[in-house]
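Notes follow once the structure below has been shown.
Just so it is clear: chains get the letters A, B, ... in the order the sequence lines come, proteins before strands, and each one is counted from 1.
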Number of protein chains: 2
Amino acid sequence: MKELKQRSTCPISTSLDVLGDKWTLLILRDMVFAGKSTYGQFLQSAEKIATNILADRLAILESQGIITKAVAADKKSKFTYRLTEKGVDIVPILVTLVLWGTKYCPTVVDPGLLEELQGGKDAAIEKYQRLAREKQ
Amino acid sequence: MKELKQRSTCPISTSLDVLGDKWTLLILRDMVFAGKSTYGQFLQSAEKIATNILADRLAILESQGIITKAVAADKKSKFTYRLTEKGVDIVPILVTLVLWGTKYCPTVVDPGLLEELQGGKDAAIEKYQRLAREKQ
DNA sequence: ACAGTTAACTTGCAAATTGCAAGTTAAAAT
DNA sequence: ATTTTAACTTGCAATTTGCAAGTTAACTGT
């Protein structure tokens with residue numbers, strides 16, 4: 001029941017009310033580009049998110065209808081997080097951030113993603129959106 | 001001389017090291033869509049950014065080469081902030097955020113921007129990029 | 001020339017958020 | 001029956017944010 005306050009009616013401001021921090025989009029990145037889906041997998045990423053922050057952000061993302069939480073197929077004590085359609089529609093934001101980051105900052109892009117981006121931005125967006133939908 | 005620490009070599013993470021907060025992209029929004037360019041104009045926006053936060057973010061944006069600061073044409077005590085090419089390349093991120101926000105959240109879009117978006121995402125991006133470049 | 005105003009910050013401090021380490025709980029594996 | 005795995009929760013110090021007030025320099029009007 002995490003509810004956020006809306007600072008204004010501006011769509012950019014309202015988007016940032018949910019996504020505007022250093023961690024939320026990294027969790028979604030892990031889901032979209034690395035196919036991650038569990039709490040433990042998110043903890044393993046290079047940026048080393050703290051456990052309390054991760055739990056907090058997952059709860060917000062779920063309450064905002066961006067991801068769903070379900071018991072995993074193999075274990076009852078394990079949960080699987082997946083993107084909703086609202087979450088799949090964040091893929092364009094992620095791809096746009098990749099393009100800006102690679103153009104202006106010293107970064108290392110995953111070879112697979114780099115190859116996808118050769119085929120153009122829109123093609124890459126569609127590919128990762130389709131991939132995320134298939135995992136539903 | 002604000003220097004940020006880079007959490008990883010991932011382009012999304014590195015982009016968020018600079019842009020990942022609730023205020024930075026709102027300042028850029030004001031420059032791109034409202035044509036704002038001064039400290040006083042940024043303070044007037046609906047979200048009511050605090051003066052110290054605004055000064056801090058402007059300094060970071062300048063040190064990161066996203067905006068430039070110059071004495072205004074009319075007054076010596078007034079400064080004009082403008083986008084660099086690195087800043088102009090943030091327009092796609094802003095437009096993508098507008099599209100997601102309008103699709104999934106209760107927001108009100110500026111009529112002018114809405115009209116531009118009718119012509120397609122890419123056309124809107126190009127228009128606002130051109131507009132920002134012209135102000136140089 | 002002087003007094004008030006405008007513009008851009010800066011400072012101090014309380015409140016909120018983040019980050020780290022350790023602890024808890026339940027289910028699964030050994 | 002004991003250990004391990006997975007997902008959190010808790011406590012607390014450190015950092016960041018938000019608010020109000022203060023400062024500085026340049027302009028504006030009289």
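Between A:Tyr39 atom OH and D:dA7 atom P the separation is 8 Å, expressed in whole Å. Between the CG atom of A:Leu54 and the C1' atom of C:dC20 there is a distance of 15 Å, given to the nearest Å. D:dT17 atom P lies 7 Å from atom CG of B:Asp56, rounded to whole Å. Atoms NZ (A:Lys36) and P (D:dA6) sit 14 Å apart, rounded to a whole Å. The separation between B:Phe79 atom CZ and C:dT10 atom P is 10 Å, rounded to whole Å. Between the CD atom of A:Glu47 and the P atom of C:dT18 there is a distance of 16 Å, rounded to whole Å. For the pair A:Lys78 NZ and C:dA28 C1', the computed distance is 12 Å after rounding to whole Å. Atom CD of A:Gln44 is separated from atom P of D:dA7 by 10 Å (rounded to the nearest Å).
In this structure the side chain of A:Lys127 reaches within 4.5 angstrom of the side chain of A:Leu131, judged on heavy atoms. Using a 4.5 Å heavy-atom cutoff, the side chains of B:Lys22 and A:Arg7 are in contact. Looking only at side-chain heavy atoms (C-beta outward), A:Asp89 and A:Gln129 come within less than 4.5 Å of each other. Residues A:Ile93 and A:Leu97 meet the side-chain proximity criterion, which asks for heavy atoms closer than 4.5 Å. Here the side chains of B:Lys103 and A:Pro11 are not in contact, with every heavy-atom distance at 4.5 Å or above. Side-chain contact between B:Ile27 and B:Asp30 is absent, with no heavy atoms from C-beta onward closer than 4.5 Å.
Contact annotation: B:Arg57 side-chain N/O to D:dT17 OP1/OP2 distance is under 4.0 Å.
Ion pairing of A:Arg57 with A:Glu62 is absent here, as no side-chain N (NZ or NE/NH1/NH2) approaches a carboxylate O to less than 4.0 Å. Between B:Glu126 and B:Arg130 there is no salt bridge, since none of the side-chain N atoms of the basic residue sits less than 4.0 Å from a carboxylate O of the acidic one. A salt bridge between A:Asp17 and A:Lys5 is absent, with no side-chain N of the basic residue lying under 4.0 Å from a carboxylate O of the acidic one.
A cation-pi arrangement is absent between A:Lys69 and A:Tyr81, since the terminal nitrogen or guanidinium carbon is not both under 6.0 Å from the aromatic centre and inside a 45° cone about the axis.
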- Starting at the 5' end of nucleotides 22-30 of chain D, put B wherever the base has a protein heavy atom under 4.0 Å, S where only the sugar-phosphate does, and a dash everywhere else. ----SS---
Write down the protein N/O and nucleotide N/O pairs, taken from nucleotides 12-16 of chain C, whose separation is under 3.5 Å; answer none if there are no such pairs.
none

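Closest to the side chain of A:Thr51, from the set D:dG18, D:dT9, C:dG19, is D:dT9.
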- Query: Where do B:Leu26 and A:Ser13 land on the side-chain contact (heavy atoms from CB on, under 4.5 Å) test, with the steps shown first?
  - Reply: CA-CA 7 Å; B:Leu26 288 190; A:Ser13 168; 3.8 Å; yes
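Nucleic acid contact for B:Lys48: none, since no nucleic acid atom lies under 4.0 Å from a heavy atom of the residue. At the heavy-atom level, B:Tyr81 lies under 4.0 Å from the strands shown only through sugar-phosphate atoms.
For an aromatic pair to be called close, the ring centres must be under 6.0 Å apart, and A:Phe33 with A:Tyr128 satisfies this.
Applying a 4.0 Å cut-off to non-hydrogen atoms, none of the residues of residues 5-24 of chain B approaches DNA chain C.
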